[in-house]
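All figures in this text were calculated on a predicted structure; none of them were measured in a lab.
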Amino acid sequence: MTELLKITLPDGSQREVARGTTPADIAAGIGPGLAKAALAARVDGELRDINRPLETDAALALVTAKDEADALELVRHDYAHVLAEAVQALFPGTQITFGPATDDGFYYDFAPAAEHGPFTEEDLPAIEAKMREIIAADKPLVREVWSRADLIKRWSEQGERFKAEWAQELPEHEELTVYWSGGDWLDMCRGPHLASTGKLDPQAFKLTRVSGAYWRGDQKNAMLSRIYGTGWLNRKQLDAHLTRLEEAARRDHRKLGQEMNLFHLQQEAHGSVFWHPKGYVIWRQLEAYMRRAIDNAGYREVKTPQVMDARQWEQSGHWGKYRENMFVIPDEVPNTEDEGPLVSDAAEWMALKPMNCPAHILIFKQGIKSYRDLPLRLYENGCCHRNEPHGALHGLMRVRQFTQDDAHIFCREDQIVDEVRAFCQLADRIYKDFGFTYAIKLALRPEKRFGSDELWDLAEAELRDAVAKAGFATEQYGWEELPGEGAFYAPKLEWHLTDAIGRTWQVGTIQSDRVLPERLDASYVGEDGERHRPIMLHRAIFGSYERFIGILVEHYAGKLPLWLAPVQAVVATIVSDADDYAKDVAARLTAAGLRVETDLRNEKINYKVREHSLAKVPCLLVVGRREAEEGTVALRRLGSDEHQKVVGVDDLIAQLVAEAAPPDRA
RNA sequence: GCCGGAUUAGCACAGUGGUAGUGCAGCGGUUUUGUAAACCGAAGGUCGGGGGUUCGAAUCCCUCAUCCGGCACCA
């Protein structure tokens with residue numbers, strides 16, 4: 001006698017079906033349209049294969065392309081699977097390892113045959129073609145549960161070392177499944193998958209790049225060869241994605257920085273930025289803006305040494321943990337003879353500062369501090385050097401010399417909530433001034449850490465409560481906790497900005513630290529007359545000026561708001577008869593505090609318009625004989641579809657001066 | 001640091017073993033111009049550094065450096 005199961009559908013209706021019925025059967029029972037559209041099923045919330053038999057009473061929801069997040073996850077996982085099969089078909093001897101879906105596609109990591117070596121981009125077209133063949137063949141993807149012994153046997157026999165290792169180490173209780181795609185090709189996989197490869201759109205994926213990747217993400221393991229692809233439900237989505245990539249490339253701060261003459265990087269100082277006059281205007285505007293902000297928020301600005309004795313870094317703990325990323329300097333006159341080592345074995349060492357916090361503690365420790373001095377907020381535009389791994393360097397985003405908007409707040413435990421609240425409000429105002437939305441996340445204790453669990457319980461709870469009390473731990477602010485992501489000495493609150501094209505950047509942070517005040521023996525005298533340990537809140541809003549400027553350039557696509565634009569206006573002449581008038585207009589704008597250049601070159605106005613538009617100059621002031629006679633300029637705004645407007649110079653100055661005010665002074 | 005790719009004039013790029021090229025910029029000249037590239041001319045390079053193979057190397061090999069895409073790292 002067949003056992004009957006009670007299946008509840010999303011509309012609340014119930015059906016009785018025989019045990020072993022599949023979601024596909026149920027979809028077919030509802031209607032042929034749904035049967036065709038159904039990609040997978042959610043069974044009691046769990047995403048499952050459409051053809052996996054039902055074993056128990058359950059709530060069932062059929063997943064179609066309309067459930068976009070689920071559908072994308074499924075197809076991307078399938079593309080990865082098809083990629084693996086294609087690669088093994090084309091390159092016998094390649095071992096398969098692991099291939100998940102990603103945010104915009106998928107990848108698969110391979111151990112290539114020794115004679116072939118890692119894959120290169122040249123291999124991709126052939127692999128793509130093979131994938132389309134596999135999709136066209138509409139191979140079924142059949143789920144089977146295997147015993148661990150059978151799996152290990154199969155992988156070992158086939159020389160699949162990595163799969164065998166994986167099968168060996170999967171947790172005891174886990175059900176081990178494989179997916180066959182017809183023939184004799186199979187992959188060990190948790191699933192779920194679509195019913196067959198033919199459900200994929202052969203025109204909705206593209207292999208994008210190759211790279212190396214460590215087996216199981218560990219630097220100590222073998223280097224595998226990874227193939228990345230982007231995958232979507234249909235061609236239209238793929239095209240839209242490729243367009244987004246082009247848009248991001250168009251905004252690349254390295255390209256715009258070159259075109260706008262903001263900065264350059266060169267081999268002799270790789271990882272450190274040469275700021276050109278135009279780029280440094282942006283820096284100076286941000287610096288002035290941030291100074292006003294911290295002055296108003298009760299911080300005191302300081303400046304601390306660039307180089308300190310290694311013993312200081314030993315005491316702070318950086319020498320032991322981060323020495324390999326520090327620039328170390330011998331405290332000794334170098335040997336100037338041709339022979340012999342540059343410095344003696346007995347050299348004493350100093351180091352460029354990789355961060356500002358120890359120096360700020362040293363300032364705190366000068367003189368006796370009273371509880372009345374707290375909270376003490378020390379701010380520095382702190383220039384730091386870190387000897388980053390070469391492969392990590394990237395334009396302005398990851399550099400070896402950078403300047404942080406860094407501050408340390410020394411306070412008592414009972415002041416943390418107020419300080420975190422004030423910081424949340426300050427960060428909120430600043431990010432909004434640049435047109436960013438953001439999410440606040442709490443990065444919790446990492447595996448490797450200093451301090452007891454009790455201390456971490458306390459520190460995490462403090463930050464969590466402080467943000468909640470400040471009213472920022474809500475969905476509106478993207479509140480989320482990230483296990484394992486904290487610094488080794490403290491949990492971190494992180495501000496993740498979303499830019500104009502939806503990318504996110506982790507920028508601001510505040511961290512509560514009890515370790516460093518302890519190590520450097522900072523104390524204050526309390527109301528009770530006893531010495532107490534202050535808590536130190538590390539915090540930054542821009543993060544680093546370099547990186548923040550890079551983010552701004554990409555966010556605004558180079559079209560900086562007037563207050564940040566290096567050149568706010570160019571006065572361009574049509575005929576040389578207007579030269580004197582143009583100089584006069586420029587002088588009046590300059591006198592009003594605007595950044596103005598003139599373009600009196602012997603060129604057509606078309607040429608000048610094009611050039612200054614490409615240089616992202618916000619205002620082009622065109623003057624010819626007419627304007628010179630009438631005392632006007634023809635104003636052309638960058639990116640404006642409006643026709644140029646003829647305005648009087650006084651009106652223009654009033655308008656531009658008002659618009660060029662920084663947002664905190666508008 | 002690891003895997004792959006790249007490095008040619010100020011910039012963007014072509015050039016796969018036989019005399020280094022194109023466009024733009026820069027320079028000189030003509031043109032005085034009305035909203036996204038006027039015209040003519042002359043000039044500009046030890047082809048990233050070093051080593052090797054070869055009669056001959058931008059081109060093939062080795063090595064170092066930097067950059068790009070990832071991986072790992074990011075106090």
Re rC73(B): Watson-Crick or G-U wobble partner, both distances kept under 3.5 Å, found to be none

Listed pairs, N/O of protein and of nucleotides 45-47 of chain B, under 3.5 Å:
none

I'd like to know whether Glu480(A) forms a salt bridge (charged side-chain N to carboxylate O under 4.0 Å, His left out) with Lys441(A), so could you lay out the CA-CA distance, the side-chain angles of the two residues, the decisive distance to 0.1 Å, and finally the verdict. CA-CA 5 Å; Glu480(A) 192 184 356; Lys441(A) 308 190 186 218; 2.7 Å; yes

Rounded to whole angstrom, note down the C1' distance from rG21(B) over to rC61(B). 27 Å

To the nearest angstrom, the CD-C1' distance between Gln266(A) and rG49(B) comes to 15 Å

Practice item. Scan Thr120(A) against the nucleic acid and name what it touches under 4.0 Å (heavy atoms): base, sugar-phosphate only, or nothing. Key: sugar-phosphate

Ranking rU33(B), rA36(B), rC3(B) by distance to the side chain of Arg636(A), first place goes to rA36(B)

* Asked: Between Trp232(A) and Arg76(A), is there a cation-pi geometry (under 6.0 Å to ring centre, at most 45° from the normal)?
  -> yes

| field | Min side-chain heavy-atom separation Phe364(A)-Met536(A) under 4.5 Å | value | no

Practice problem: Assess the side chains of Arg377(A) and Tyr379(A): does a donor N or O sit below 3.5 Å from an acceptor N or O? | Solution: no

In short, Leu652(A) meets Leu621(A) closest at the heavy-atom pair CD2-CD1, 3.8 Å

**Asked** Are Phe110(A) and Phe91(A) close enough that their ring centres sit under 6.0 Å apart?
**Response** no

Scan side-chain atoms only and decide if Glu554(A) and Trp505(A) contain a donor-acceptor pair under the 3.5 Å cut-off.
-> no

Using the P atom as the point on both nucleotides, what is the distance between rA9(B) and rG23(B), in whole Å? 16 Å

Any strand, both distances under 3.5 Å, Watson-Crick or G-U wobble: rG4(B) pairs with rC68(B)

Atom CG of Leu265(A) and atom C1' of rC11(B) are separated, to the nearest Å, by 16 Å

Checklist entry - Say you pick atom P in rG18(B) and the same atom in rG29(B); how far apart are they, in whole Å? => result 41 Å

note: Asn221(A), atom CG; rG1(B), atom C1'; distance rounded to Å ~ 15 Å

**Prompt:** Would you call Lys255(A) and Glu259(A) a salt bridge, taking side-chain N to carboxylate O under 4.0 Å as the test?
**Reply:** yes

* To do: Answer with base, sugar-phosphate or nothing: what part of the nucleic acid does Ala634(A) contact at a heavy-atom distance below 4.0 Å?
  => base

In whole angstroms, the gap separating C1' of rG34(B) from OH of Tyr581(A) amounts to 15 Å

Look at the aromatic rings of Tyr280(A) and Trp275(A) and report parallel, tilted or perpendicular, splitting at 30° and 60°. tilted

So, is Tyr607(A) close to the rU32(B) phosphate, meaning a side-chain N or O under 4.0 Å from OP1 or OP2?
-> no

- Expressed as a whole number of Å, how far does the P atom of rU16(B) sit from that of rG34(B)? 45 Å

Going 5' to 3' through nucleotides 69-75 of chain B and flagging B where a protein heavy-atom sits under 4.0 Å of the base, S where only the sugar-phosphate is that close, and - otherwise, we get BBBBBBB

Tell me whether the OP1 or OP2 atom of rU35(B) has a side-chain N or O from Asn606(A) closer than 4.0 Å. no

Atom CG of Asp599(A) and atom P of rU32(B) are separated, to the nearest Å, by 18 Å

- Message: Need one value for Ile574(A): base, sugar-phosphate or nothing, where a base atom within 4.0 Å counts as base even if backbone is also close, heavy atoms only.
- Response: base

From OH of Tyr108(A) across to C1' of rC3(B) the rounded distance in Å is 19 Å

Of the listed rC3(B), rA36(B), rG26(B), the closest approach to the Arg601(A) side chain comes from rG26(B)

By the Watson-Crick or G-U definition, both distances under 3.5 Å, rG28(B) is matched with rC40(B)

- Message: Students often get this wrong, so: under 4.0 angstrom with heavy atoms, is Gln258(A) touching a base, only sugar-phosphate, or nothing?
- Response: sugar-phosphate

Practice task
Take Phe106(A) and Tyr108(A), measure what ring pair (Phe, Tyr, Trp, His ring centres under 6.0 Å) needs, and give me the verdict at the end.
Solution key: CA-CA 7 Å; Phe106(A) 55 94; Tyr108(A) 206 105; 9.5 Å; no

When rounded to whole Å, the CZ to P distance for the pair Arg625(A) and rU35(B) reads 15 Å

Applying the 3.5 Å cut-off to both distances, the Watson-Crick or G-U partner of rG21(B) turns out to be rC13(B)

Taking a pair to mean Watson-Crick or G-U wobble geometry with both distances below 3.5 Å, rU59(B) pairs with none

Check whether any side-chain nitrogen or oxygen of His390(A) sits under 4.0 Å from OP1 or OP2 of rU66(B), and answer yes or no. yes

If pairing means Watson-Crick or G-U wobble with both distances under 3.5 Å, then the partner of rU33(B) is none

I'd like the P distance from rC39(B) over to rA58(B), given in whole Å. 35 Å

Is there a salt bridge (charged side-chain N to carboxylate O under 4.0 Å, His left out) between Arg250(A) and Glu247(A) once you walk through the steps?
-> CA-CA 5 Å; Arg250(A) 210 172 60 73; Glu247(A) 174 63 20; 3.0 Å; yes

Whole-Å C1' distance, rA12(B) and rC2(B): 31 Å

*For rG1(B) and rU59(B), measure between their C1' atoms and round to the nearest Å.*
31 Å

Legend entry - Side-chain donor/acceptor contact of Glu627(A) with base of rG34(B) under 3.5 Å: yes

From CG of Leu600(A) across to C1' of rU33(B) the rounded distance in Å is 14 Å

Out of rA36(B), rU32(B), rA65(B), minimum distance to the side chain of Val609(A) belongs to rA36(B)

> Can you tell me if Arg519(A) and Tyr489(A) form a side-chain donor-acceptor pair at under 3.5 Å?
Replying inline: no

**Request:** Quote, to the nearest angstrom, the C1' distance that separates rA37(B) from rA72(B).
**Result:** 46 Å

